[in-house]
Structure formats: structure tokens, C-alpha cells
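Here is the structure we will look at.
Since the model is a prediction, treat every value here as computed from it, not as a measurement. Proteins come first, then strands; the chains are lettered A, B, ... in the order of their sequence lines, and each starts at number 1.
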Amino acid sequence: MSNKPDAPEKGKDFIRQIIDKDNESGKYEGRVQTRFPPEPNGYLHIGHAKSICLNFGIAHDYNGKCNLRFDDTNPVKEDIEYVDSIREDVAWLGFEWDANPFASDYFEKLYYIAELFIKMGKAYIDHQSADEIRENRGTLKAPGTNSPYRDRSVEENLDLFRAMRAGELKDGDCILRGKIDMAAPNVMLRDPALYRIKRADHHRTGDTWCIYPMYDFTHGLSDAIEGITHSICTLEFENNRPVYDWCVDTLMAGLKQPELFGENETIYNELAGLPGFNQRPRQYEFARLNITGTVLSKRKLIKLVQEGYVSGWDDPRMPTISGFRRRGFTPESIRDFCNRIGVAKADSTVEYALLEHCVRQDLNERAPRYLGVMDPVKLVIENYPEDQTDEFSMPLHPEDESYGTRVVPFSRELWIERADFMEDPPKKFFRMGPGREVRLRFAYYVTCTGFEKDADGNITEIRATYDPETKGGWSKDGRKIKGTMHWVSARHAVKAEVRNYTNLFTTDNPNSVEEGKTFVDYVDPNSLETLTDCWVEPALLDMEPGTNFQFERTGYFCTDSKDHKPGEKPVFNRTATLRDSWAKIQKKMGK
RNA sequence: UGGGGCGUCGUCAAGUGGUAAGACACAUGGUUUUGGUCCAUGUAUUCGAGGGUUCGAAUCCUUCCGCCCCAGCCA
């Protein structure tokens, strides 16, 4: 693993420009520290990859640090399964975190920070019900009204908060609120909740706590504790930034009042000594990623998994990191994608075609080539002896000899692609048809002599003769052959299962739906096509699960990480098709 | 005028007062034992719209229009 972010040498994004300015002014004495802060309540998706590449990429570029911090302040939604998957995905993408803290590591500190806020008169215990609080918050246009509990004494607030921690109050009885401004035009500032009572088993702290801090309180303070300099998040948190600032500023002010420290002097002095309190973190927001034809919200992804629209978080049609991994995408291709899409503040939807381009480019360079027939039809070479076999040594990569070769057997009966034959082909069709000569890749030129059909008119067998002088797939006389086809020797072929994936949704934008519908109504039931009658060359049988390769003329594939059994049962996932200009021509002719 | 953001090619996106980068997509040619790859060429007289400042504006001022986010004891 390395933190190499494959940084492009183009105009810097606005966050890097800010960092450059901070470095010039010496704001953080050249220190650059970021963090990627997922809540472990789901699997990471490609949108997270954008954030990961940004945060870890910046740390790399500026010789700084980047933490992987789990924002685990809501035990009812979080689970260790997600912690493990997130670590795996970040590492797979190729990044190394400098530290891997949990917000829950700071629960003790955060608790005493809350006490300090109370002592400063900046926080109070509110006994209003959730409904009352909502009503009194006002509306977007009308100011809220103060809680009747807003002006309690410091002593009473402190007693109550300690009682909350001690478990003397029931869930929902009260919350700790920041005392800011119930009339603030920004609703976030109308005395935000800081702590709530929640008797739930936490995946790390168990039942140690029955009160848990809220995101707004936790996030900025965790950043400060870790010495984060640039706290990068997505646009929807822009409204929260004043709360972020309020929390950090309030603490910094509090730490300058030792008379409030009481018996917890040690904790407060420790906090005051951390770099984050002299060089406070700032939050910056960028536009989250959207990709055409898919959804990138945890809520929606969870629904797809839980309601069985897909086989799991790692279903190859899922836009999760694990889904792309199983589909055959490489970490390099995803990083390349993230670098290409840029970082800005304008809402954006990137075309899936760009992601596909990134994998194709990477795999074109690195994937070894093999032959496999997806939709087989028999080709019999009439003048090739029954008992004869040729063995062709074929290059594994057309542009890189270092990949070496593999041996592919040839015999009288072959499987070829049904789509490579036409009974009555148009001029632009370069493949096989009655009387036409074509090349079998790296084997021989063959000329079609006839074919057979069944009662329904389906081609059942094609017949041809071969020219022994064209061994290897070329001729001395230099005659031009336009069509080259892939093939597999029927006698030697290995049966394989191939899973072809297309877009999970039938629409380019499943986020905007017709009235009365939801995004799941647009799930395409045909987005997974399982081919069980494919014939592939023998060399593929022993591949390890998760191996990338190309079926020539067809696409990039990988052996399935779960179902492919080397030596027993080959199962291939299609990562992406090859670009297909013949399909384009067909489309044009059809119109 | 509740507050906060954002509007540059079909899609992303550079550009930060000196006369519209690049990528993907698309189109057309060339090379090719993958109709793949690769190579070449073309594609915004114009920056949401109008007005203004200036020798000069996508960049500054101004008015308007459109889109996104916020009223969880979620993050």
C-alpha cells in the first residue's frame, strides 16, 4: 500500500488553493492534517472514494497526515461489520491512514468538554419533549421561542447532566442543548442538541455510556483533539459550519478559564496543550459525487440490499467499493476517476461513461487476453482431419511481450460466436457468411461452405474449409482479410458461467422519479444476465478468484471472488464491454 | 429579501481584468491478426439573462432568473 494518489498536474482544486494560502501565511506552520470520517453504518460507495482520494491525496501531496476516523456517536445504527468493511475498502483503494481513531475514543473528553460548556453558561438541560422542541424551533421563516428551561442555573444544569450520565433519567427525558440563539436565521443555530440519553449497546463502548454526543458537537471537537487543520466534508454540511465553529470557539474560550476547571484540571490542561487548540481546524465543503444511472445515498443502498433487489453490498451492480471490486474494477481505475472528476462546489453528475473509460484504460494496459465464446454455435472445418490437433502459442498481451504466451488447442470442431455469422450479411458485415473467408484469431483462414438450420430457422451448425497455408492467421500472399473471429476448440473447451451486468436502473436518474413511484420501481430486473452455456479456453480454468482478464473482442472480465472455483467451476463477471463500433454501425443501419 | 450555497460545451472542469485549457461523450479519417488499442482532425465568437464600469470582463458592480441545502434527541 502507498499513499500515492496519482495526482494530476492540472489546475489545483479550490481546497488545495486554500491550503497553499495557509502554507504561505504560516497559519498552521506548514502542518496539513485531514481525516476521512465515515459513520460505520453502511458500506462505502464511490462517492466516499472521492472523499477518500481527496483527503488522503492532500495528505500525500502536502506531506501531511490523514486519519481514518469512525464517527460512531449513534450506537443504534452502527456495527462492527461496517467498521471492518470500511477499513478493507480504504486499504484496497491503496491508502494508509496515519491513525484510526473512533469518535467514541473521545467520549470521556467530550463529556468533560460538555461540562465546561455548562459551566460557561453555554449549554443547558432541556426537558421539553422532542415534539415541543420541534414546535419551538420555529420555521425557516419564523424565529423559534426560548425553552422554559433555558435559563436554569449552572449548578442545576451540571447536576442534571451528571444525572444523565449516571443513568438516573430515562431516554428522552431531556437533552443537553447549546445556548446559542433561538431566533437565528440559520436553523442549525437555534440551540442545537449536544447530548441525548440513549440506552443502546455501543459496538465499542458497550454499556459504558447511556448518553451520546451529537454529530455537531462531536465532529469539530474531534477534529480539534486530533489536530486536524482542514476538515473537508460535503456541501450539505455548509449550514452546520457555524455550529462547528461555535463548538470549537467555545471550547477554546473555555480552556482559557482555568477557574472553571475544578477537579478535572488535568483533562482540560491536556486539551489545551493539543495543537488543535492553537491552530484550530476549519471546515470546507465540496460537492458530493453523483453518477448517472445509479444512486449514491446510504439510505437507498441499504434498501436495495435489505429488500433483496441485489445480492448484497458487494453485488457487482452496486456502486459500492466492494461492488466495483467484485465487478473487476481496479483501485487504480477508481483513483484515476476520482482525480479526473475534480473537486468543486457546483452540484454535479458525472457520466458513468467516464468511470467505464477509466477501467477500460487501466485494463487495456494490464489485462491478459483470452478467448471465450459467450453464445456458441458449432463450426466444423470439413477438410481438417478428425483426429488432428494444433496447438497455437498465443500472446497474452498484444502490446506487451513481457506478458508471455499461452497454448490454445485447435481441432476440427470449434465453437464460434453466434453473432459472428449471418446467413445473408450486409456489405459492412466483416464476419462470416456463406462463401466468405475470415480469419480465426491466431489460427487459420477459413471459408464458409454452408450451414444448417433447425425447424425454427435457428442456425445449428456452420461448415467451412481451412487453408493450411495460413497457419497462425496470416498468409504469405498478403491477401486482405477484414474479419477476425475468436473461437474455442469444442473438444478442449471448458464450460463456464458468465455474468453480464448492465445498469441496475432503467433510468439515467433514479433520484428523480415520477409521481407515485420510488427509485426501486426503476430497478432493471434484466440488469444481471447469467450465461451458463459459454465455452472458454482451458487456460482460464485455474485462475484465482478476483483475476482480471479480457475476452478478446468481447470485454473485460474477472473471476468472481465468491463463486469462481479454480479447477472446478469457472465463474466470470463482466467488468465492462469493449467499445463496439460495429454495434454503432448496426444502430445506424437500423434507423 | 428566512438563512446558506451554486450557475463556463451533452457531462465533468480549468480560468482569479488581457481577449475560453483539458478530459469523457460525439463525429470524421488513418493504422491494426481484437470492428479493441493507438494516431490525426473537428466540435462554446462565448461563459444563466439584462444593464453598467473599463482601452479591454467568464472574471469587478448591479438587477433579474434558475437549481441545491437547512426546521432529527441522524450523520
Side-chain angles (χ1 to χ4, degrees), chain A residues 8 10-13 17 37-39 41 71-74 76-78 126 128-130 133-135 137-144 171-177 184-190 192-198 212 214-216 218-219 233-242 285 287 289 292 298-299 340-358 360-361 364-365 369 371 394-395 398-399 428-431 439-443 445 470 472-474 481-486 550-556 577-585:
Chain A
K10 58 174 190 180
K12 284 186 181 173
D13 59 71
Q17 289 178 20
E39 182 188 16
N41 69 341
D71 225 329
D72 56 344
T73 56
N74 187 1
V76 302
K77 286 191 175 177
E78 295 149 11
D126 194 345
Q128 294 181 104
S129 69
I133 287 180
R134 190 183 329 112
E135 280 162 28
R137 186 148 32 222
T139 69
L140 294 180
K141 294 187 178 181
D171 287 20
D173 273 358
C174 59
I175 58 170
L176 180 72
R177 286 233 255 175
N186 179 350
V187 184
M188 292 290 179
L189 255 10
R190 320 242 259 234
L194 266 26
Y195 261 92
R196 78 284 215 186
I197 305 171
K198 196 180 280 245
Y212 292 94
M214 302 289 293
Y215 165 82
D216 282 312
T218 308
H219 203 88
C233 62
T234 44
L235 249 32
E236 68 269 26
F237 289 99
E238 228 154 8
N239 297 315
N240 299 57
R241 190 170 65 219
E285 309 87 9
L289 173 64
T292 55
K298 262 189 203 174
R299 202 202 99 239
R340 284 173 187 244
I341 58 178
V343 177
K345 295 199 73 162
D347 293 327
S348 67
T349 302
V350 178
E351 288 174 345
Y352 182 78
L354 180 59
L355 219 201
E356 201 167 44
H357 167 82
C358 292
R360 284 194 184 122
Q361 184 178 275
N364 176 53
E365 257 177 57
R369 270 63 166 176
L371 302 183
M394 309 200 345
E399 280 119 37
K428 287 183 176 174
F429 187 78
F430 302 153
R431 308 172 191 180
R439 171 167 39 231
L440 293 179
R441 182 106 162 126
F442 289 117
Y445 292 178
T470 58
W474 63 283
I481 297 292
K482 240 181 174 176
T484 299
M485 293 164 34
H486 58 279
Q550 182 197 96
F551 273 132
E552 294 211 32
R553 301 213 303 136
T554 303
Y556 296 102
T577 61
L578 254 34
R579 287 182 64 198
D580 189 352
S581 49
W582 167 237
K584 280 184 192 170
I585 294 167

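- The two residues A:Ile585 and A:Lys428 have their closest heavy-atom pair at CG2-CD, 3.8 Å.
- Between B:rG36 and B:rG30, the distance separating the two P atoms is 13 Å to the nearest Å.
- Counting to the nearest Å, the C1' atom of B:rA14 and the CG atom of A:Asp13 are 12 Å from each other.
- Base pairing annotation: B:rG2 forms a Watson-Crick or G-U wobble pair with B:rC70, both donor-acceptor distances under 3.5 Å.
- In terms of polar N and O atoms assigned as donor or acceptor, the side chain of A:Glu365 never comes within less than 3.5 Å of the base of B:rU37 in a complementary pairing.
- In this structure, A:Tyr195 has no side chain to side chain donor-acceptor pair (under 3.5 Å) partners at least two apart in sequence or on a different chain.
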Sequence-aligned protein contact record of nucleotides 69-75 of chain B, with B where the base is within under 4.0 Å of a protein heavy atom and S where only the sugar-phosphate is: BBBSBBB

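- Residue contacts for A:Pro398: at a heavy-atom cut-off of 4.0 Å it reaches a base atom on one of the strands shown.
- Qualifying ring-ring contact (aromatic ring centres under 6.0 Å, His included) partners for A:Tyr215, counting only residues two or more places apart in sequence or in other chains: A:His219, A:Phe237.
- Side-chain proximity of A:Lys141 to the nucleotides B:rC12, B:rG2, B:rG4 is greatest for B:rG2.
- Across the strands present, B:rC64 finds its partner in B:rG48; the criterion is a Watson-Crick or G-U wobble pair with both atom distances under 3.5 angstrom.
- B:rU37 and B:rA23 have their P atoms separated by 16 Å, given to the nearest Å.
- By the side chain to side chain donor-acceptor pair (under 3.5 Å) test, A:Arg579 is found to be paired with no residue, residues two or more places apart in sequence or in another chain being considered.
- Between the NZ atom of A:Lys345 and the C1' atom of B:rA13 there is a distance of 17 Å, given to the nearest Å.
- Spacing between B:rG52 and B:rA44 at atom P, rounded to whole Å, works out to 28 Å.
- A salt bridge links A:Glu285 with A:Arg241; the closest basic N to acidic carboxylate O contact falls under 4.0 Å.
- Shown here are the side chain to side chain contact (heavy atoms under 4.5 Å, CB included) partners of A:Ala287, two or more places apart in sequence or in another chain: A:Leu235.
- To the nearest whole angstrom, the two P atoms, one in B:rG22 and one in B:rC65, are 36 Å apart.
- Separating the C1' atom of B:rA21 from that of B:rU43 is a span of 15 Å, rounded to the nearest Å.
- The interatomic distance linking A:Leu189 (CG) with B:rG2 (C1') rounds to 13 Å, in whole Å.
- Applying the side chain to side chain donor-acceptor pair (under 3.5 Å) criterion to A:Asn364, with sequence neighbours excluded, gives A:Arg369.
- Pairing for B:rU28 is with B:rA40, a Watson-Crick or G-U wobble pair whose two hydrogen-bonding atom distances lie under 3.5 Å.
- B:rG72 takes the syn form, because its glycosidic angle lies no more than 90° either side of 0.
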Using the side chain to side chain contact (heavy atoms under 4.5 Å, CB included) rule, take A:Met485 and A:Arg553 through it: C-alpha gap first, then chi angles, then the decisive distance, then the call. CA-CA 8 Å; A:Met485 293 164 34; A:Arg553 301 213 303 136; 3.8 Å; yes

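- If you check every strand for non-hydrogen atoms under 4.0 Å, A:Phe429 touches a base.
- Comparing A:Thr349 and A:Arg241, the nucleotide of RNA chain B nearest to each residue sits closer to the 5' end for A:Arg241.
- A search for side chain to side chain contact (heavy atoms under 4.5 Å, CB included) contacts involving A:Asp171 returns A:Ile197, A:Arg199, not counting sequence neighbours.
- Here the separation of B:rA57 from B:rU45, taken at their C1' atoms, is 15 Å to the nearest Å.
- A:Thr292 comes within 4.0 angstrom of no nucleic acid atom, judged by non-hydrogen atoms across all strands.
- For A:Trp582, the ring-ring contact (aromatic ring centres under 6.0 Å, His included) criterion is met by A:Phe429, not counting sequence neighbours.
- Taking the side chain to side chain donor-acceptor pair (under 3.5 Å) definition, one finds that A:Arg439 meets it with A:Tyr445, A:Thr484, sequence neighbours left out.
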Between the protein and nucleotides 28-31 of chain B, list the N/O to N/O atom pairs that are separated by less than 3.5 angstrom.
{"from": "B:rU28", "atom 1": "OP1", "to": "A:Lys588", "atom 2": "NZ", "distance (Å)": "3.2"}

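- In this structure, CZ of A:Phe442 is placed 15 Å from P of B:rU32, rounded to the nearest angstrom.
- If you take CG of A:Asp347 and C1' of B:rU8, they are 16 Å apart, rounded to a whole angstrom.
- The same atom, P, is picked in B:rU28 and in B:rC64; the two are 47 Å apart, to the nearest Å.
- Nucleic acid contact for A:Glu399: base, since at least one base atom lies under 4.0 Å from a heavy atom of the residue.
- Across B:rU46 and B:rU41, the matching C1' atoms stand 22 Å from one another, rounded to whole Å.
- Residue-level contact check: A:Arg369 touches the bases, meaning some heavy atom is under 4.0 Å from a base atom.
- Rounded to whole Å, the distance from CD on A:Gln17 to P on B:rA14 is 8 Å.
- As judged by a 4.0 angstrom heavy-atom cut-off over every strand, A:Arg177 is placed among residues making no nucleic acid contact.
- Judged by distance alone, the side chain of A:Glu78 and the main-chain N or O of A:Glu39 form no donor-acceptor pair under 3.5 Å.
- For A:Asn239, the side chain to side chain contact (heavy atoms under 4.5 Å, CB included) criterion is met by A:Asn186, A:Met188, not counting sequence neighbours.
- With A:Arg190 contributing its side chain and A:Ala184 its backbone, the two residues share a donor-acceptor pair below 3.5 Å.
- Under the Watson-Crick and G-U wobble criteria, each requiring two contacts below 3.5 Å, nucleotide B:rA13 is left unpaired.
- Side chain of A:Asn364, nearest nucleotide from B:rU37, B:rU16, B:rC12: B:rU37.
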Nucleotides 24-26 of chain B: which of its N/O atoms have a protein N/O under 3.5 Å away?
{"from": "B:rC26", "atom 1": "OP1", "to": "A:Lys584", "atom 2": "NZ", "distance (Å)": "3.4"}

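- Following rounding to the nearest Å, A:Trp474 (CH2) and B:rU34 (P) show an atom-to-atom distance of 16 Å.
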